[in-house]
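Numbering of residues begins at 1 and proceeds along the displayed sequence. Side chains included, hydrogens not; waters and symmetry mates left out as well; all remaining heavy atoms used. Just so it is clear, the model here is predicted, and its values are computed rather than measured.
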Amino acid sequence: MTTRRNFIKKTSAGTAAVTLGGLIFPKNSYANILGANDHINCAVIGVRSRAKAHVIAINADPNAKIIYSCDVDDVILEEHNKWCQKKIGYMPKVEKDFRKVLEDKDVDAVFIATPEHWHAPMAIMALQAGKHVYVEKPCSHNPHENDLLVAAQKKYGKKVQMGNQQRSAKTSISAIKDIRNGIIGNVYKGEAYYSSNRGSIGIGKKIDVPKTLDWELWQGPAPRKEYKDNIHPYNWHWFRNWGTGEMHNNGTHEVDICRWALGVDLPESVTSFGGKYTFDDDWEFVDNQQVTFKFADDKFITWTGHSRGLIKPKQPGRGITLYGSKGTIMLDRNFYKHFGLDGELIKEEKEGAASATTNTQGIGGLDVNHVGNFFAGIRSDVSLHAEIKDASISTMLCHLGNMAQDAGEMLKVDTTTGKVLNNDKAMQSWKREYAKGWEPKL
């Protein structure tokens with residue numbers, strides 16, 4: 001692992017590439033940050049998995065430093081300290097209560113990689129404390145939080161970037177530019193998919209909370225539940241009290257790129273088919289799902305999620321196909337391929353630094369680009385690639401996908417607010433119940 005000092009030395013010497021976290025990134029990945037003089041102090045909150053990618057990306061900037069690692073679990077913090085020492089050459093200060101981190105005036109920006117029920121409430125509290133925010137997708141646990149977070153950013157005026165890092169992929173940016181220039185004609189369909197083979201999470205047993213875990217703070221804004229042995233540290237994704245299912249966990253990424261490519265915002269209608277088909281366990285969402293979003297001008301987006309059963313015939317773990325009147329484009333985090341109507345390959349571009357696509361850390365060059373864009377926004381007020389006002393729309397689509405699945409029928413949508421029309425059952429999911437004293441407010 002290259003230390004910060006060695007990184008600066010190598011890049012100033014004009015080397016062709018640097019190595020971070022075992023991955024090689026081209027020198028031009030850092031063009032937007034090497035000239036910056038403004039130092040940014042960061043805190044990373046929730047440090048088990050996805051936060052590792054945040055740390056690598058922050059450390060790529062010679063004028064940024066992580067001054068806090070924050071997590072409610074001592075075991076995770078201890079592991080992360082060792083990892084930081086090995087990968088970035090130093091250990092940030094440790095704190096279990098994120099509120100103490102927000103009180104520190106030296107913290108400029110917080111990176112939120114907690115369970116999803118904490119994303120919006122914590123981001124809002126960080127904004128109120130005067131911090132810039134990088135929040136992992138999805139940016140909210142429910143549509144109400146979406147609206148609240150967008151309003152909070154507007155009120156407090158700090159930068160908020162969502163972690164849909166493919167928005168910073170050079171190949172995706174190139175593809176969108178080509179689409180805008182008419183390379184595949186009228187783009188009418190975005191087809192997104194995710195394929196995995198997750199195992200059973202079993203039937204959880206009620207056990208004593210580990211002494212190393214602050215279960216009260218872990219739950220935070222969520223209604224209180226007894227601790228079970230199959231919730232922490234990862235399977236909360238599949239419980240409605242804390243997670244939002246695969247539609248948000250992975251669908252957010254590809255649905256977002258489809259929406260960007262088609263130039264659409266909120267849909268006119270949403271339909272979802274699916275079910276829980278594999279294991280008899282505590283998983284509370286569908287594990288295989290097909291969602292269709294219908295937009296104006298006869299445009300539509302589909303998302304196919306296979307959480308527990310790989311898509312066949314064999315496909316990459318995730319991806320996007322964009323259909324136009326003159327051809328198609330295939331995208332994932334690492335490449336862009338342009339095909340004619342006859343299916344023949346016309347053009348191919350590859351990302352300069354590869355990114356992981358299906359593991360829980362997802363470390364790669366896109367994180368460096370995306371965090372670099374976030375820092376540039378803080379320093380120079382450049383446009384963010386995933387500023388929250390726009391990113392929240394992609395999150396809203398995924399909320400609507402889950403709401404349509406639960407309603408069991410097509411939902412018609414108000415394209416200005418995202419609210420479901422003439423369906424009280426679906427609208428019951430607009431806002432959640434909060435633990436007393438924890439409801440987010442402006």
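Counting heavy atoms from C-beta on, the side chains of P221 and W118 come closer than 4.5 Å. Contact of the Q165 side chain with the R333 side chain is registered, since non-hydrogen atoms from C-beta on lie closer than 4.5 Å. Using a 4.5 Å cut-off on side-chain heavy atoms (C-beta onward), Q166 and L331 make contact. With a 4.5 Å cut-off on side-chain heavy atoms, D74 and E78 do not count as touching. For the pair V55/H80, a side-chain contact is recorded, criterion being any heavy-atom separation below 4.5 Å from C-beta on. Residues D282 and N235 have side chains not in contact (no heavy-atom distance under 4.5 Å, counting atoms from C-beta outward). By the 4.5 Å heavy-atom criterion applied to side chains, H306 and Y193 are not counted as neighbours. Between D104 and N41 there is no side-chain heavy-atom pair separated by less than 4.5 Å.
Interatomic distance, NE2 of H237 versus CH2 of W283, reported as 9.5 Å (0.5 Å rounding). Here the CZ-CZ distance, from R198 to R308, works out to 9.5 Å after rounding to the nearest 0.5 Å. Atom-to-atom distance recorded for H39:NE2 and D108:CG is 7.5 Å, nearest 0.5 angstrom. Taken from CH2 in W242 to OG1 in T114, the straight-line distance is 14.0 Å, to the nearest 0.5 Å. We find the CG-SG distance between D106 and C42 to be 12.5 Å, quoted to the nearest 0.5 Å. The SG atom of C70 sits 6.0 Å away from atom CD of E95, with the distance rounded to the nearest 0.5 Å.
For R167 and D256, the salt-bridge test passes: some basic side-chain N is under 4.0 Å from an acidic carboxylate O. D178 and K347 are joined by a salt bridge, as a carboxylate oxygen and a charged side-chain nitrogen come within less than 4.0 angstrom of each other. Under a 4.0 Å N-O distance rule, the pair K189/E191 qualifies as a salt bridge. R318 has a carboxylate O that lies under 4.0 Å from a charged side-chain N of E254, or vice versa, which qualifies the two as a salt bridge. Under the 4.0 Å criterion applied to side-chain N and carboxylate O atoms, D367 and R50 are assigned as salt-bridge partners.
For E284, the CD atom counts as densely surrounded, since its 6.0 Å shell holds more than 12 non-hydrogen atoms of other residues, nucleotides or ligands. Residue-environment remark: NZ (K96) exceeds the threshold of 12 foreign heavy atoms within 6.0 Å. Shown here is K93, whose NZ atom has more than 12 heavy atoms of other residues, nucleotides or ligands within 6.0 Å.
In this structure, K337 satisfies the cation-pi test against F335, with its NZ or CZ atom closer than 6.0 Å to the six-membered ring centre and inside 45 degrees of the ring normal.
Within the 6.0 Å centre-distance limit, the rings of H117 and W218 are counted as a close aromatic pair.
Scanning both residues, I363 and K52, for their nearest heavy atoms gives CD1-CB, 4.1 Å. Between I320 and C258, the shortest heavy-atom contact is CG2-SG, 3.6 Å. Contact between L384 and K159 at its shortest, heavy atoms only, is CD1-CB, 4.1 Å. Residues A43 and V107 come closest through the heavy atom pair CB-CG1, 4.1 Å. Listed here is the closest heavy atom pair of T415 and L266: O-CD1, 3.5 Å. Residues V150 and S392 come closest through the heavy atom pair CG2-OG, 3.4 Å.
In this structure a side-chain-to-backbone donor-acceptor pair under 3.5 Å is missing from E116 to G243. At distances below 3.5 Å, not a single donor-acceptor pair connects side-chain atoms of K299 with backbone N or O atoms of V264. No donor-acceptor pair closer than 3.5 Å links the side chain of Q153 to the backbone N or O of K389.
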Would F285 and E246 satisfy side chain to side chain contact (heavy atoms under 4.5 Å, CB included), going step by step from the backbone distance to the final call?
CA-CA 8 Å; F285 292 91; E246 202 76 90; over 6 Å; no
Can you list the steps and then say if K177 with I173 is a side chain to side chain contact (heavy atoms under 4.5 Å, CB included)?
CA-CA 6 Å; K177 182 179 178 181; I173 292 171; 5.7 Å; no
Given the rule in the side chain to side chain contact (heavy atoms under 4.5 Å, CB included) test, do N249 and W238 qualify, once you have shown the distances and angles that lead to the verdict?
CA-CA 10 Å; N249 183 45; W238 323 121; 3.8 Å; yes
Walk me through it: do D390 and R259 pass the test side chain to side chain contact (heavy atoms under 4.5 Å, CB included)?
CA-CA 10 Å; D390 182 74; R259 189 178 68 80; 3.0 Å; yes
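N373 and S168 share no donor-acceptor pair across their side chains, judged by distance under 3.5 Å alone. Residues H54 and E136 have side chains that bring a donor and an acceptor to within less than 3.5 angstrom of each other. Side chains of D281 and S200: a donor-acceptor N/O pair is present below 3.5 angstrom, by distance only. There is no side-chain donor-acceptor pair under 3.5 Å between N164 and H253.
Each of F374, F98, Y68 was compared with F111 under the ring-ring contact (aromatic ring centres under 6.0 Å, His included) criterion, and only F374 meets it.
The aromatic rings of F300 and Y188 sit tilted, their planes meeting at an angle between 30° and 60°. Using cut-offs of 30° and 60° for the angle between ring planes, the F295 and F293 rings count as tilted.
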List, one per line, each side-chain donor-acceptor pair under 3.5 Å for residues 396-406, sequence neighbours excluded.
from : atom 1 : to   : atom 2 : distance (Å)
H399 : ND1    : H248 : NE2    : 3.1
H399 : NE2    : S140 : OG     : 2.9
N402 : ND2    : T244 : O      : 2.9
Q405 : OE1    : S272 : OG     : 2.7
Q405 : OE1    : G274 : N      : 3.3
Q405 : NE2    : G274 : O      : 3.3
D406 : OD1    : R240 : NH2    : 3.0
D406 : OD2    : R240 : NH1    : 3.1

